[in-house]
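Here is the structure we will look at, set down as structure tokens.
Worth saying up front: this structure is predicted, and the values here are computed from it rather than measured. Atoms considered below: every heavy atom in the structure, side chains included; atoms not considered: hydrogens, waters and symmetry mates.
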Amino acid sequence: MKKTLTTLAVLALSAGIANAQQIPAYLDKNKPLDERVEDALSRMTTEEKVAIIHAQSKFGSPGVKRLGIPEVWTDDGPHGVRPEVYWDEWEQAGWTNDSCVAFPALTCLAASWNPDVAYLYGKNIGEEARYRNKHVLLGPGVNILRTPLCGRNFEYMGEDPYLAGVMCVPYIQGLQSNGVAACVKHYCLNNQEVNRHTTNVKVDDRTLYELYLPAFKAAVDGGAWTVMGAYNLYKDQHNCHNEYTLNGILKGEWGFDGALVSDWGGTHDTDQAITNGLDMEFGSWTNGLSKGASNAYDNYYLAQPYLQAIKDGRVGTKELDDKARRVLKLIFRTAMNPDRPWGSMLSPEHYAAARQIGDEGIVLLQNNGGLLPIKGSPKKILVVGENAVKMMTVGGGSSSLKVQREVSPLQGLIDAAPEGCEVVYARGYVGDIGGEYNGVTSGQNLADDRTPAELIADAVAKAKDADYVIFVGGLNKASHQDCEDSDRAGLELPYGQDEVISALAAANPNLVVVNISGNPVAMPWVAQVPAIVQAWYLGSEAGNSIADVLYGRVCPSGKLPMTFPVKLSDVAAHSFGELSYPGIPRNDGSKIVDQEYLEGLYVGYKWNDKQKIKPLFPFGHGLSYTTFEYGKLTADKSEVNADDTVTFTIPVTNTGSVAGSEIVQLYISDDKASVDRPAKELKGFAKVNLAPGETKDVTITIGKDALSFFDPDKHQWVAEPGTFTASAAASADDIRSTCKFKLK
């Protein structure tokens, strides 16, 4: 009988261990993880320890060849596995087998409000990463939407820390079930792209702990194996080596046992990198040659400069051992895990998952007169807009993808059109005609020499005899749209789209606007347009998911994970001048920009409640093709002790004619507190599927944490005795039933 070698046996042979009796503890998968790590650490030289804590290529770090410990390979996510690049360049390596399935952006995932879908997302993207032999996927992102101008909001999960925390954990666990580490980013206070390397954020402790840290803590509690530091500064220290956020909070208070990875080029100082919590350094000399050495990676802050400091006796090896220990733990969890599955790539199941995520995340914002879904036997449907044909998987920064295929909204609507219906297209406007990022090209030629007036006239002429007009516009992933390293210039739609929409509304009353973006946009034409759909960036199956909803094959159930303001001045971060956003440069020649979060806790719906501002569309808003009636909210106890949980129950009935899903949101209010608290805060939610006429009891359980605020003087969470109000809601502005209870 032919025998096959196990993975660890192969590693043992590569380490020069021929006799199975001699296999050391670090290669024995049956021994506890910490024992294996300590055994490996004890066998390593100082030089080997230094080597494994910094990169050796754009996306890889070395292992310990002498001991059979393999390299670590990272890859950008979080929406798909990016293509291979050259060893020391950002440009594509030219492989022909590194295309991926693009999953919807994380704003769409958050809009599903469905943790089961989040696990499905993580599991499927993890299978693709595992098949490509990646050990760390750089995602998910959980930074809070503080301003709708932030170019990277499309990669995050909205404005509410509770929602982001609940949705990121199953993503992480699904991903890591494949033996691929999640790298939760960007920790922390990375809420804008403008001046992202130089902005020093000032924020009070209550706001930090209650708003900007909870999703990261949820990720750590959920078992994330790596966390990525952010580019910006806090307390005058860069967040990739920050004593307060890394040693104090992440590793100290939260007990994080994984590796803290720098963002690419986020390391700035050897001494701080040694002492302030950084474990793995990537990309600090991003062109690889800044020092003119044959191997520029030897000049990284945690490379030769660190080793020399040890040899000179300036620093000891205590910090080095901790860093190497964490990196070894990462390697044993991933590259040296013989039980991890093989993964798969470009499978039908992955495309089906991408489509399901898109179907559940699309939000029906407005549907006056029940215009949607498209009904009857239309003879002509006009589709207008550049975003109906433009590939959205290319661009946007590090989440740019090289896909096997991408179904455009126009193609999806053509493929699923009713029999006998002609779907025609008009450009409407010209926006970004490019489609290239780091060598990945869309292959599209979107050039059009017609004037804006000519484009509008053509669209209006075609609209006059159409049964339905579907405008597909919004933002894109070009610079100053939804894109890394730049923020938007304003809240309005670019490229003159408002004029196109108004002209179409005047030409045909059956107008549907499909907004593709990862950010809120202004809609001055909202009263003119009967139906508005928020479609996000939906990835490979974008057109199919949009067609599913517009044609009624899927009853929309997504709800907004962010507030859509009427105007930018309604946003808290933009209400306090330049110090609040984008920050004020120092006059000391340091290039540092000081910024203060003057709005404190009041972001999104919390600011609207405080200032009594009516939004364009509120947080948690989303319509359906059916209707839901809420009964009376009740609690299983009227008085609770601090260690108790309280379970709320509310009956929900589908009062319409089609099956649908409703997301019940639970907000908690402290009726009388000794400190200033938001009027209400999201503390629970549940998604319920209902057939026509069906009623189900929805239950949501909360604990003391849902009642607590952070006391900066005591540096602890406090739940004060008193009366609280629980509100069951269909959105932050649509409270359906309330009940009160007391904390003893």
**Study point:** Side-chain donor/acceptor of Lys134 to backbone N/O of Gly126, under 3.5 Å
**Key:** no
Check your understanding: Are side-chain heavy atoms of Asn476 and Met392 found at a separation under 4.5 Å?
Key -> yes
Check your understanding: Quick one: does Glu89's side chain have a donor or acceptor within less than 3.5 Å of a partner on Gln92's backbone?
Key -> no
Point to revise | Spatial distance of atom OH (Tyr537) from atom CD (Glu155) [nearest 0.5 Å] | key: 11.0 Å
Point to revise | Residues Arg152, Glu484: salt bridge by 4.0 Å N-O rule | key: yes
Exercise for review: Answer yes or no: is there a side-chain heavy-atom contact under 4.5 Å between Leu138 and Trp264?
Suggested key: yes
**Study point:** Separation of Leu491 CG from Leu568 CG (nearest 0.5 Å)
**Key:** 5.5 Å
Review point. Under 3.5 Å, is there a donor-acceptor pair linking the side chains of Asp160 and Tyr605?
Key: yes
Point to revise | Separation of Tyr425 OH from Asp458 CG (nearest 0.5 Å) | key: 10.0 Å
Practice item. State plainly whether the residues Arg427 and Glu386 are in salt-bridge range, i.e. N to O under 4.0 Å. Key: yes
Practice item. Any chance you could lay out the salt bridge (charged side-chain N to carboxylate O under 4.0 Å, His left out) test for Asp263 and Lys185, step after step, and finish with the verdict? Key: CA-CA 9 Å; Asp263 204 342; Lys185 61 186 188 183; over 6 Å; no
Study note, to complete from the structure: Closest non-hydrogen atoms of Ser557 and Lys687, given as atom of the first, atom of the second and distance, are OG-NZ, 3.1 Å
Review point. Is the centre of the Trp113 ring less than 6.0 Å from the centre of the Phe619 ring?
Key: yes
**Study point:** Ile362 vs Asp548 side-chain heavy atoms within contact, under 4.5 Å
**Key:** no
Point to revise | Donor-acceptor contact below 3.5 Å, side chain Asn190 vs main chain Asn143 | key: no
Review point. Parallel, tilted or perpendicular: which fits the ring planes of Phe59 and Trp90, with parallel below 30° and perpendicular above 60°?
Key: perpendicular
**Study point:** Backbone N/O of Gly474 and side chain of Gln497: donor-acceptor pair under 3.5 Å
**Key:** yes
Practice item. Decide yes or no for Lys606 and Leu211: does some side-chain heavy atom of the first lie under 4.5 Å from some side-chain heavy atom of the second? Key: yes
Review point. Taking atom CH2 of Trp536 and atom CG of Asp482, what is their separation to the nearest 0.5 Å?
Key: 10.0 Å
Check your understanding: Any side-chain heavy-atom pair from Met523 and Phe564 closer than 4.5 angstrom?
Key -> yes
Review point. Distance-only, no hydrogens or angles: does the Asp98 side chain make a donor-acceptor pair with backbone N or O of Glu84 under 3.5 Å?
Key: yes
Exercise for review: Supply the atom-to-atom distance Arg82 CZ to Thr74 OG1, rounded to the nearest 0.5 angstrom.
Suggested key: 10.5 Å
Point to revise | Test side chain to side chain contact (heavy atoms under 4.5 Å, CB included) applied to Lys614 - qualifying residues, sequence neighbours left out | key: none
**Study point:** Any donor-acceptor N or O pair under 3.5 Å, side chains Asn387, Tyr495
**Key:** no
Exercise for review: Search all heavy atoms of Ile381 against all heavy atoms of Tyr551 and return the closest pair with its distance.
Suggested key: CD1-OH, 3.8 Å
Exercise for review: Kindly compute the distance separating CG (Asp485) from CZ (Arg196), expressed to the nearest 0.5 Å.
Suggested key: 4.0 Å
Review point. Between Gln192 and Thr147, is any side-chain donor less than 3.5 angstrom from a side-chain acceptor?
Key: no
Review point. Side chains of Cys100 and Lys402: closer than 4.5 Å at any heavy-atom pair?
Key: no
Point to revise | Tyr121 side-chain N/O to Pro104 backbone N/O, donor-acceptor pair under 3.5 Å | key: yes
Check your understanding: Are side-chain N/O atoms of Gln534 and Ser517 paired as donor and acceptor at under 3.5 Å?
Key -> yes
Review point. If you measure from the Lys or Arg side-chain nitrogens to the Asp or Glu carboxylate oxygens, is any gap between Glu541 and Arg405 under 4.0 Å?
Key: yes
**Study point:** Lys58/Glu91 salt bridge by N-O under 4.0 Å criterion
**Key:** no
Exercise for review: State whether the side chain of Asn367 and the backbone N or O of Leu371 hold a donor-acceptor pair below 3.5 Å, judged by distance alone.
Suggested key: yes
Check your understanding: Side chains of Val85 and Asn438: does their closest heavy-atom pair fall under 4.5 Å?
Key -> no
Review point. Can you check whether Tyr187 reaches Val142 side chain to side chain, under 4.5 Å on heavy atoms?
Key: no
Practice item. Return yes if some donor-acceptor pair links the side-chain N/O of Ser580 with the main-chain N/O of Gly577 below 3.5 Å, else return no. Key: no
Review point. How close do Cys183 and Val136 get, heavy atom to heavy atom, and via which atoms?
Key: CB-CG1, 3.8 Å
Review point. Between the main-chain N or O of Lys380 and the side-chain N or O of Asp467, is there a donor-acceptor pair closer than 3.5 Å?
Key: yes
**Study point:** Asn519 (side chain) donor-acceptor with Cys150 (main chain) under 3.5 angstrom
**Key:** yes
Check your understanding: Between Glu128 and Arg132, does at least one N-O distance fall below 4.0 Å, as a salt bridge requires?
Key -> no
Practice item. Could you tell me how the ring of Phe154 sits relative to the ring of His79: parallel (under 30°), tilted (30 to 60°) or perpendicular (over 60°)? Key: tilted
Point to revise | All side-chain hydrogen bond (donor to acceptor under 3.5 Å, both in side chains) counterparts of Tyr581, not counting sequence neighbours | key: Asp487
Check your understanding: With no hydrogens and no angle check, do the side chains of Asn191 and Tyr597 hold a donor and an acceptor under 3.5 Å apart?
Key -> yes
